[in-house]
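Please read the structure below before turning to the comments.
Chain identifiers are assigned alphabetically (A, B, ...) following the order of the sequence lines, protein sequences preceding nucleic acid strands; residue numbering begins at 1 within each chain.
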Amino acid sequence: MILVTHAPLARSFFLRDTISVARDLLGKTIIRNSREGMLRARIVETEAYLSSGDEASHSARGKTQRNASMFARGGTAYVYTIHARCCFNVVTEEADKGCAVLVRAVEPLSGVERMRALRGLCSDRDLTRGPARSCEALGIGLSWDGWDLTSGRRLWVCQGDSLSAVELGNSVRIGISRSQELLYRFFVKNNRFVSGPQRLNHV
DNA sequence: ACGGGGATCGGCT
DNA sequence: GCCGATCCCCGTA
């Protein structure tokens, strides 16, 4: 039985503009439910990837087999591999636009022992500090590409605790070399799981 | 705490 | 072949 507080975010949340979704996902909870038990983690760092004019986005050169789910409607999971690792994205806006939010870091809430088993030997901080580490700790592999995150089963996103007491920061995206970078990265300030620099960058 | 370099492999030109 | 929305380890402070 799903508790009220674990109710999935509605489709309408993901259909909004990508920048707003990237910012508003901070503090939300990712839930991964399986026979092994429930894993819960709080989103503390995100990046927005837009459709038109964003050279750094996987969708910049159109639809391919790899990025196909990025062109699904908002609320769909987009999981891709890079450097032999997986990264988890939440698709935003209407279908065929090709925009998404990358989840760059989460803070473990429950099921920490299982996360440790999934990650292998590492420090507590490195359990979920970074997009691929977060993915591995939550048991999110390539097979989750295209999953409907509003279904409220197996893998979804729910409201989580209010973020009113914490401070938010933004900066340029990490690891992007091409194109003029804008402040498309959002993070919870002073959270130890945030993967990049905490200072604000200015363009 | 921070930075540099190597590992690694699937997708794309 | 090339290259990346990365990670990990090993230098320096």
Side-chain angles (χ1 to χ4, degrees), chain A residues 14 18-19 21-23 25-26 30 41 43-72 74 76-93 97-108 115-147 149 157 169-201 203:
Chain A
F14 303 103
T18 305
I19 300 288
V21 175
R23 189 184 54 239
L25 273 174
L26 294 178
I30 298 177
I43 299 172
V44 297
E45 184 183 356
T46 60
E47 278 177 358
Y49 286 87
L50 311 186
S51 48
S52 58
D54 189 351
E55 276 301 304
S57 175
H58 285 177
S59 61
R61 278 174 286 273
K63 194 173 181 177
T64 65
Q65 187 169 5
R66 179 204 201 193
N67 66 17
S69 60
M70 206 177 171
F71 291 85
T76 304
Y78 167 47
V79 182
Y80 67 87
T81 63
I82 185 167
H83 297 283
R85 312 268 170 182
C86 282
C87 293
F88 170 69
N89 298 248
V90 174
V91 178
T92 57
E93 306 187 29
K97 293 195 70 174
C99 34
V101 174
L102 169 69
V103 174
R104 279 199 61 88
V106 300
E107 176 180 346
M115 291 184 193
R116 260 194 266 276
L118 285 163
R119 281 282 293 124
L121 188 64
C122 70
S123 68
D124 286 353
R125 188 166 175 243
D126 281 348
L127 196 59
T128 54
R129 189 173 62 88
R133 290 189 266 233
S134 295
C135 240
E136 192 170 36
L138 288 167
I140 301 174
L142 205 54
S143 63
W144 292 96
D145 184 44
W147 185 257
L149 295 168
V157 186
N170 67 345
S171 77
V172 297
R173 294 174 293 191
I174 293 177
I176 306 296
S177 51
R178 50 175 183 270
S179 82
Q180 171 109 12
E181 270 303 287
L182 300 176
L183 302 179
Y184 288 162
R185 171 174 173 254
F186 302 91
F187 56 91
V188 175
K189 272 182 151 180
N190 301 316
N191 184 286
R192 63 198 240 98
F193 295 98
V194 169
S195 67
Q198 298 258 349
R199 73 192 148 77
L200 270 70
N201 295 352
V203 282

Does a side-chain N or O from A:Arg85 land closer than 4.0 Å to OP1 or OP2 of C:dA5, or not? no

Please confirm whether the shortest side-chain N or O distance from A:Arg133 to OP1 or OP2 of C:dA5 is below 4.0 Å.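 A:Arg133 to C:dA5 OP1/OP2: no side-chain N or O under 4.0 Å.
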
So which of A:Ile176, A:Val172, A:Asn89, A:Leu102 actually passes side chain to side chain contact (heavy atoms under 4.5 Å, CB included) with A:Glu47?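 Single side chain to side chain contact (heavy atoms under 4.5 Å, CB included) partner of A:Glu47 among A:Ile176, A:Val172, A:Asn89, A:Leu102: A:Leu102.
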
Atom pair distance, as rounded to whole Å: [atom1] in [X] and [atom2] in [N]:
{"X": "A:Tyr78", "N": "C:dA5", "atom1": "OH", "atom2": "P", "value": "10 Å"}
{"X": "A:Met70", "N": "C:dA5", "atom1": "CE", "atom2": "C1'", "value": "9 Å"}
{"X": "A:Asn67", "N": "B:dG11", "atom1": "CG", "atom2": "P", "value": "11 Å"}
{"X": "A:Arg61", "N": "C:dC3", "atom1": "CZ", "atom2": "C1'", "value": "11 Å"}
{"X": "A:Asp126", "N": "B:dC2", "atom1": "CG", "atom2": "P", "value": "14 Å"}
{"X": "A:His58", "N": "C:dA5", "atom1": "NE2", "atom2": "P", "value": "5 Å"}
{"X": "A:Arg192", "N": "B:dA1", "atom1": "CZ", "atom2": "C1'", "value": "14 Å"}
{"X": "A:Leu50", "N": "C:dA5", "atom1": "CG", "atom2": "P", "value": "15 Å"}

Out of C:dC7, C:dA5, B:dG11, which nucleotide sits closest to the side chain of A:Ala132?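 For A:Ala132, the side-chain atoms sit closest to C:dC7.
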
The side chain of A:His83 lies closest to which of these nucleotides: B:dC12, C:dA5, C:dG4?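 Of B:dC12, C:dA5, C:dG4, C:dG4 is nearest to the side chain of A:His83.
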
In terms of relative ring orientation, are A:Trp147 and A:Trp144 parallel, tilted or perpendicular, with 30° and 60° separating the classes?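 Perpendicular, since the angle between the ring planes exceeds 60°.
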
In Watson-Crick or G-U wobble terms, both distances under 3.5 Å, what is the partner of B:dT8?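 In the structure as shown, B:dT8 has no Watson-Crick or wobble partner.
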
Across all strands, who's sitting opposite C:dA5 as a Watson-Crick or G-U wobble pair, both distances under 3.5 Å?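 C:dA5 is paired with nothing.
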
Counting the atoms with a prime plus P, OP1 and OP2 as sugar-phosphate, which does A:Asn89 contact under 4.0 Å by heavy atoms, base, sugar-phosphate, or nothing?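 Base, at least one base heavy atom under 4.0 Å.
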
A:Thr64 near the nucleic acid: base, sugar-phosphate alone, or nothing, with a heavy-atom cut-off under 4.0 Å? sugar-phosphate

Please answer whether the main-chain N or O of A:Leu142 pairs with a side-chain N or O of A:Asp145 as donor and acceptor at a distance below 3.5 Å. no

Of A:Arg125 and A:Leu142, whose closest DNA chain B nucleotide lies nearer the 5' terminus? A:Arg125

Report the distance from atom NE2 of A:His58 to atom SG of A:Cys99, rounding to the nearest 0.5 Å. 14.0 Å

Point-to-point distance, once rounded to the nearest 0.5 Å, from CD1 of A:Ile43 to CZ of A:Phe186: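 Going from CD1 on A:Ile43 over to CZ on A:Phe186, the span is 13.5 Å.
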
Please answer whether C:dA5 and A:Tyr49 are stacked, defined here as ring centres separated by less than 5.5 Å and planes angled under 30°. yes

